[in-house]
Enquirer: 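First, the structure itself, so that you have it in front of you.
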Protein chains: 2
Amino acid sequence: MAGVTTRTRLSPDQRRTQLLDLGVRLLSTRSVDELSIDLLAEEAGISRGLLYHYFGNKAAFHEAVVRHAADDLIAQTAPPTSGDAFERLHASMAAYLAYVEQNLAGYLSLVRGSAGGSEAMREIYDEARAALTDRVFDDEHDGFRVPDTPLARLVVRGWAAMAEDAVLSWVLDPTGVSREQLLDMLTAALPSLVATVPEQ
Amino acid sequence: MAGVTTRTRLSPDQRRTQLLDLGVRLLSTRSVDELSIDLLAEEAGISRGLLYHYFGNKAAFHEAVVRHAADDLIAQTAPPTSGDAFERLHASMAAYLAYVEQNLAGYLSLVRGSAGGSEAMREIYDEARAALTDRVFDDEHDGFRVPDTPLARLVVRGWAAMAEDAVLSWVLDPTGVSREQLLDMLTAALPSLVATVPEQ
DNA sequence: GGCGCTATTGAAAAAACGTCAATAGAATGG
DNA sequence: CCATTCTATTGACGTTTTTTCAATAGCGCC
């Protein structure tokens, strides 16, 4: 008959990731207050109550979604281990770009959550950013040096903001710029910017 | 006596700007879904209904607040008219920095609204950014040339993202970097980045 | 001092968020 | 193959927040 609803019972892990994946997808097009728990529950084929059982409240769910997206980004853009600083930088940017291209929904819900949301969200975002920049400069600095001064940190941080903006802009509208051009530009930008900072 | 509430009747313009100014202030510390119309109305000394009379619904109010902040930013960072490209660039950055320092609340509610919010919000933010970058390169380009190619636009846009990030970071925590150091860094960064772009 | 315009209110409906005891899959043991 | 137990899941209910709208009251004008 119509409306025969057999509830499907999953393991907590399965259900949790199902809801997080769905959240990532839905939050890539709407903002968080344009997404009602009602819609989410219907889309997932569950009751509202279940979402609260897993995440407590809406804000906590949103935070979990953003963290989920961030973890995915960090995991999938593994740090390059071979080559000099330049090569590692280039490979790191390529991996980052590839991730944004292949996982636009997840990336967008991460970016959206970060700026608009709470303090906790911004921390998650900063972690993700740090994972992209720090890993290149952790160890030896063969290729070019980055002095560890407040101004240099401002520059590197600013460069990361530039890279994020440029990558997203390009993915959303790549007309007129090739992938290699973009990567070369971003790779060249960092040493070029660092060079303008006084050594000490 | 206690609770004597004489309603104060303002002109629509006065009330509108009162509510927008208040909204800017309140939205600099909370996110939009942490701000109830109830609190806003109480803080403004009006009824909830009046806010809906003026703005229709909460989302529209939020958008109006963000637009208000953006207009303020654009107006208060007037374009410099004298000097060569370098001097104009430096003056423009100084005006921008001064605005963020003196008007942190308004700037924060603008930034917060843009990333988290709807499509309309992002457009407002892009307008504000364009107003800051375009005006420096509108007319003559004495000092350094910026070829009008897709890649160059990506670079300039990225530079703006870097400037926004660096300025906000510095204002929130200026330890170790002087104002002039920051301004010089940002001013030097643009031509340095542009130089890495092929002329044609 | 009364009159009309409209800015403003307050109560009540609608929608969204959050809670919790009751329900029913699925595995386990007999 | 049935009964039992465990717990993932539900659905109804209470609370908070948003939104609507007819009634109210400040303020200028005659």
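Lettering of chains follows the sequences in order, A, B, ..., and the numbering in each one begins at 1. Here the structure is a predicted model, which means the values were calculated and not measured.
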Enquirer: With distance as the sole criterion, is a donor-acceptor pair present between the side chains of Asp173(B) and Thr175(B) under 3.5 Å?
Expert: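 The answer is yes; a qualifying pair exists.
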
Enquirer: Charged N to carboxylate O under 4.0 angstrom, Asp165(B) versus Arg129(A)?
Expert: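 Yes, charged N to carboxylate O under 4.0 Å.
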
Enquirer: Quick one: does any side-chain atom of Arg112(A) pair with a main-chain N or O of Arg30(A) as donor and acceptor, under 3.5 Å?
Expert: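 Looks like yes, one N/O pair under 3.5 Å.
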
Enquirer: Atom CD of Glu34(B) and atom C1' of dT18(D): how far apart are they, to the nearest Å?
Expert: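 Distance, rounded to whole Å: 17 Å.
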
Enquirer: Give a yes or no on whether the backbone of Asp13(B) and the side-chain of Thr17(B) come within a donor-acceptor separation of less than 3.5 Å.
Expert: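 Looks like yes, one N/O pair under 3.5 Å.
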
Enquirer: Any heavy-atom pair between the side chains of Phe61(B) and Leu40(B) that's under 4.5 Å?
Expert: yes

Enquirer: Can you check the Asp38(A) CG to dG18(C) C1' distance for me, whole Å?
Expert: 12 Å

Enquirer: According to a strict under-4.0 Å criterion, is Tyr52(B) in side-chain N/O contact with OP1 or OP2 of dT19(D)?
Expert: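 It does, given that an N or O in the side chain of Tyr52(B) lies less than 4.0 Å from OP1 or OP2 of dT19(D).
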
Enquirer: Counting primed atoms plus P, OP1 and OP2 as sugar-phosphate and everything else as base, spell out the protein contacts along nucleotides 4-10 of chain D at 4.0 Å heavy-atom distance: B, S or - for each nucleotide, 5' to 3'.
Expert: ---BBBB

Enquirer: Answer yes when Glu43(A) and Arg25(A) have at least one side-chain N-carboxylate O distance shorter than 4.0 Å, and no when they do not.
Expert: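 Answer for the salt bridge query: no.
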
Enquirer: Just to be sure I understand the rule, does Leu39(A) reach a base, reach only the sugar-phosphate, or reach nothing, if contact means heavy atoms closer than 4.0 Å?
Expert: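 No contact at all - Leu39(A) keeps every heavy atom at 4.0 Å or more from the nucleic acid.
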
Enquirer: Whole angstrom is fine here: how far is it from CD1 in Ile37(B) over to P in dT9(C)?
Expert: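 Distance, rounded to whole Å: 14 Å.
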
Enquirer: What's the NE2-P distance between His62(A) and dC17(C), to the nearest Å?
Expert: 13 Å

Enquirer: Round to the nearest Å and state the distance from Lys58(A) atom NZ to dT17(D) atom C1'.
Expert: 12 Å

Enquirer: May I have the distance from Asn57(B) (atom CG) to dC21(D) (atom P), rounded to whole angstrom?
Expert: 14 Å

